[in-house]
Amino acid sequence: MKGSLGIIVVLFSLLSVEGKSVNKKTDAPKLESLPKCDCGKEISGKLHGKILSPNFPLTYPTDTLCTWKITVPEGYAVSLDFKVVEIERDYDMLYIYDTTTGDHIGRLTGHQNGYQLNSTSNKVTIFFSSDQYRGGPGFKIVFKAINLHPVVCGGTFNGKTSGEIVSPNFPNNYPLGITCTWKIVVAEGSVVKLYFETVETEKTYDTITITDSYTNEFIDKISGSKKGYTVTSTGNRVTVLFTADENDSEQGFKLLFSTITPPTPPTTVIPPVVCGGKITGKDKGRITSPLYPKSYPIDVACTWELTVSEGKLIRVYSTFMSTEAGSDIITFLDPLSGSYITSVSGDKSDFSTVSIDNTLTIVFLSDAEITGDGFILNFEAFTPPTEPPTTLEDVCGGEITGQSRGNIHSPRFPSEYPLDINCTWVITVPEGKYMRLAFPILRTEENHDLIVLKTDDYLDEVSGHEDGLVLLPESNKVTIFFTSDSERPDTGFNMTFEAVEIKQVTSEKIVHTGSVMLTKDPILMSKNPIQRKIKRKLKKPKAKHQSKMSRILSHHKVKRKLQKSKAKHLSKMNQKVKRNP
């Protein structure tokens with residue numbers, strides 16, 4: 001342990017030159033005259049590191065002398081970053097020397113956080129002295145080696161069919177802490193072959209990364225020791241990036257690049273798909289998707305035209321169907337009027353529909369993406385009934401409960417419905433669902449023969465020609481009334497119902513009319529050759545229809561339960577039939 005007298009003697013000797021007193025505030029002791037110190041150390045071979053005062057960040061001791069000697073590799077200088085300097089001003093000192101020349105290059109005291117200093121050689125000495133009075137938090141110094149001769153490397157090879165790339169200084173060791181980028185561009189349609197004749201780098205830390213210059217797609221990464229390694233680019237532009245850290249260095253690499261023009265693949269001619277056709281005079285038959293039972297092709301268009309005997313209709317039903325839902329669609333059209341009937345896609349093995357007359361056109365279109373297993377459609381001709389039923393109750397109305405999907409239609413559909421008819425259907429789908437009602441065909445005498453829709457809190461009506469109309473009641477239970485007057489019947493309607501999720505209802509493009517929402521089915525309308533104007537329904541009936549609506553509700557007594565006696569209702573229906581045979 002030093003005594004006060006010893007410190008005074010040492011400091012006096014440090015602060016005197018040729019017998020003269022030296023001012024500690026402005027002068028520094030000579031490097032060669034620095035005393036042996038109790039703290040500090042020699043740091044050699046490192047490219048970066050840090051130096052801390054004794055006890056940092058706590059108070060350093062008084063009466064202390066410390067020396068640190070830093071040596072970095074040849075060709076580098078030392079960069080000093082004084083992150084923290086908190087020492088007693090004018091009395092506790094940091095002196096910095098260029099060890100090679102002995103020159104004093106810096107002096108710090110007091111508060112000098114963030115001070116930076118670079119040496120001119122690869123060796124630095126830092127000397128710290130504190131007096132016997134008070135200390136402070138001390139200092140924190142971060143050092144790193146900086147290259148005195150920055151390496152210029154990398155480049156661009158544009159249009160060359162071959163060439164050579166080597167790491168800096170090859171075959172000698174490459175410099176530390178470098179980054180080099182080479183870009184190679186060859187003719188369009190060609191690719192680049194990279195042949196690494198030799199690779200010697202610090203494994204994991206010094207790497208060669210190859211990417212596609214156009215897409216920035218990663219191709220390969222090389223590190224360590226390799227010989228005769230080949231990489232081929234994915235396109236006509238490639239980037240070679242070499243990075244080395246600041247620790248160890250190796251010999252580097254040498255690569256040769258050349259251009260490869262891939263052979264042109266033979267052209268494969270795919271024969272066109274033959275599908276569709278005319279089917280005439282057959283009372284039954286089957287239609288399948290192209291290539292069935294294999295998956296149908298993409299971008300296919302098929303048209304079948306069916307014709308049966310006069311006076312008959314055509315019923316079509318599926319026994320198997322699996323197409324891309326919403327994209328690969330089967331559409332049914334009436335060729336005589338050009339009217340759209342319905343369309344279907346997805347997995348619908350229970351699908352069925354009926355023609356309007358003795359002809360029917362079926363169109364199948366697939367897009368350019370996903371295909372499916374296809375479909376089997378069976379068709380058969382049948383003669384529609386011509387005799388009216390004994391009672392109207394037998395052919396219209398009823399209660400449907402618990403089904404997730406189904407269909408109803410007007411009496412005698414697709415023939416004209418009778419005059420003076422009143423029908424009531426009550427449809428209930430499972431709780432927690434809404435209902436989707438689709439009318440592929442809806443043709444009634446406008447404003448006179450009405451379809452009335454009722455939920456718990458809303459009433460609406462539709463009439464006229466509204467093929468393709470879709471109704472989305474916000475309820476799982478709907479009552480549907482159909483009434484006709486004593487004049488001008490029409491084709492009527494067929495309607496399908498389906499239970500749907502509530503979120504599906506709210507996501508469709510709709511026209512709001514209170515709690516009932518009206519829309520045109522996007523699939524139906526996209527395939528319909530006849531443009532139809534969407535008629536927005538009124539929340540309340542127009543004045544001229546008010547009496548008609550009231551008569552319907554009065555006749556059916558909406559609030560009555562279905563379990564009331566059918567006899568009384570049947571009697572009323574029979575009386576109307578007798579009045580209008």
Side-chain angles (χ1 to χ4, degrees), residues 313 334 336-342 354-357 384-389 391-397 407-425 437-454 459-471 478-496 511 513 516 518 520 524 528 530-556 558 572-581:
L313 301 179
D334 178 42
L336 296 181
S337 64
S339 299
Y340 167 86
I341 299 175
T342 189
V354 176
S355 67
I356 297 174
D357 44 47
T386 56
E387 294 296 326
T391 64
L392 296 178
E393 189 73 6
D394 294 334
V395 295
C396 70
N407 61 79
I408 62 174
H409 56 78
S410 56
R412 301 181 187 174
F413 180 84
S415 299
E416 293 180 346
Y417 51 79
L419 301 175
D420 285 321
I421 191 172
N422 291 283
C423 305
T424 304
W425 292 267
L437 308 179
F439 292 82
I441 297 176
L442 194 163
R443 301 178 187 183
T444 69
E445 184 186 7
E446 188 166 14
N447 298 330
H448 296 281
D449 299 345
L450 306 178
I451 301 170
V452 180
L453 177 74
K454 182 183 183 301
L459 176 70
D460 207 348
E461 58 90 2
V462 293
S463 66
H465 287 203
E466 289 281 359
D467 291 358
L469 183 68
V470 174
L471 303 179
V478 178
T479 302
I480 299 171
F481 308 99
F482 175 53
T483 181
S484 65
D485 63 10
S486 58
E487 299 178 357
R488 291 164 45 184
D490 209 326
T491 304
F493 67 90
N494 65 334
M495 185 205 83
T496 63
V511 177
T513 62
V516 174
L518 307 173
K520 286 293 183 177
L524 300 184
N528 195 343
I530 299 177
Q531 297 294 322
R532 297 181 177 86
K533 182 179 179 181
I534 301 177
K535 296 184 178 181
R536 184 167 184 171
K537 305 304 175 186
L538 300 176
K539 186 169 184 178
K540 293 183 179 180
K542 293 181 181 178
K544 68 178 182 178
H545 303 320
Q546 185 67 53
S547 60
K548 177 79 170 179
M549 299 276 286
S550 299
R551 181 171 65 82
I552 297 169
L553 294 177
S554 175
H555 175 79
H556 289 286
V558 173
K572 287 184 178 182
M573 297 297 100
N574 287 334
Q575 290 175 9
K576 289 194 174 189
V577 171
K578 289 177 181 179
R579 287 200 305 269
N580 301 279

What pairs with N494 under side-chain hydrogen bond (donor to acceptor under 3.5 Å, both in side chains), at least two apart in sequence or on another chain? none
Output the distance between atom CG (D334) and atom CD1 (I356), rounded to the nearest 0.5 Å. 4.5 Å
Side-chain heavy atoms of V478 within contact of L471, under 4.5 Å: no
Does the side chain of I421 come within less than 4.5 Å of F482's, by heavy atoms? yes
Main-chain N/O of N447 paired with S463 side-chain donor or acceptor, under 3.5 Å: yes
Checking S484 side chain against D449 main chain: does a donor-acceptor pair fall under 3.5 Å? no
For residues L453 and V462, determine if any side-chain heavy atom of one lies less than 4.5 Å from a side-chain heavy atom of the other. no
Considering only heavy atoms from C-beta outward, does the side chain of E466 approach that of F439 to under 4.5 Å? no
Exercise: identify the closest heavy-atom pair between S410 and G492: OG-CA, 3.3 Å
Could you state the interatomic distance from OG1 (T483) to CG (N422), rounded to the nearest 0.5 Å? 4.0 Å
Which pair of non-hydrogen atoms, one from E461 and one from L450, has the smallest distance, and what is that distance? OE1-CD2, 3.7 Å
Does some side-chain heavy atom of I451 sit less than 4.5 Å from a side-chain heavy atom of I480? yes
Shortest non-hydrogen pair, P440 vs I341, comes out as CB-O, 2.7 Å
Point-to-point distance, once rounded to the nearest 0.5 Å, from NZ of K454 to OG1 of T424: 11.5 Å
Within the side chain of N407, is there an N or O that forms a donor-acceptor pair under 3.5 Å with the backbone of M495? no
With D490 via side chain to side chain contact (heavy atoms under 4.5 Å, CB included) - residues at least two apart: Y417, R443, H465
Would you indicate whether the side-chain heavy atoms of F493 and I441 approach each other to under 4.5 Å? no
Compare every heavy atom of R488 with every heavy atom of E445, then report the nearest pair and how far apart it is. OE1-O, 3.4 Å
Roughly how far, to the nearest 0.5 Å, is CG of L313 from OG of S355? 4.5 Å
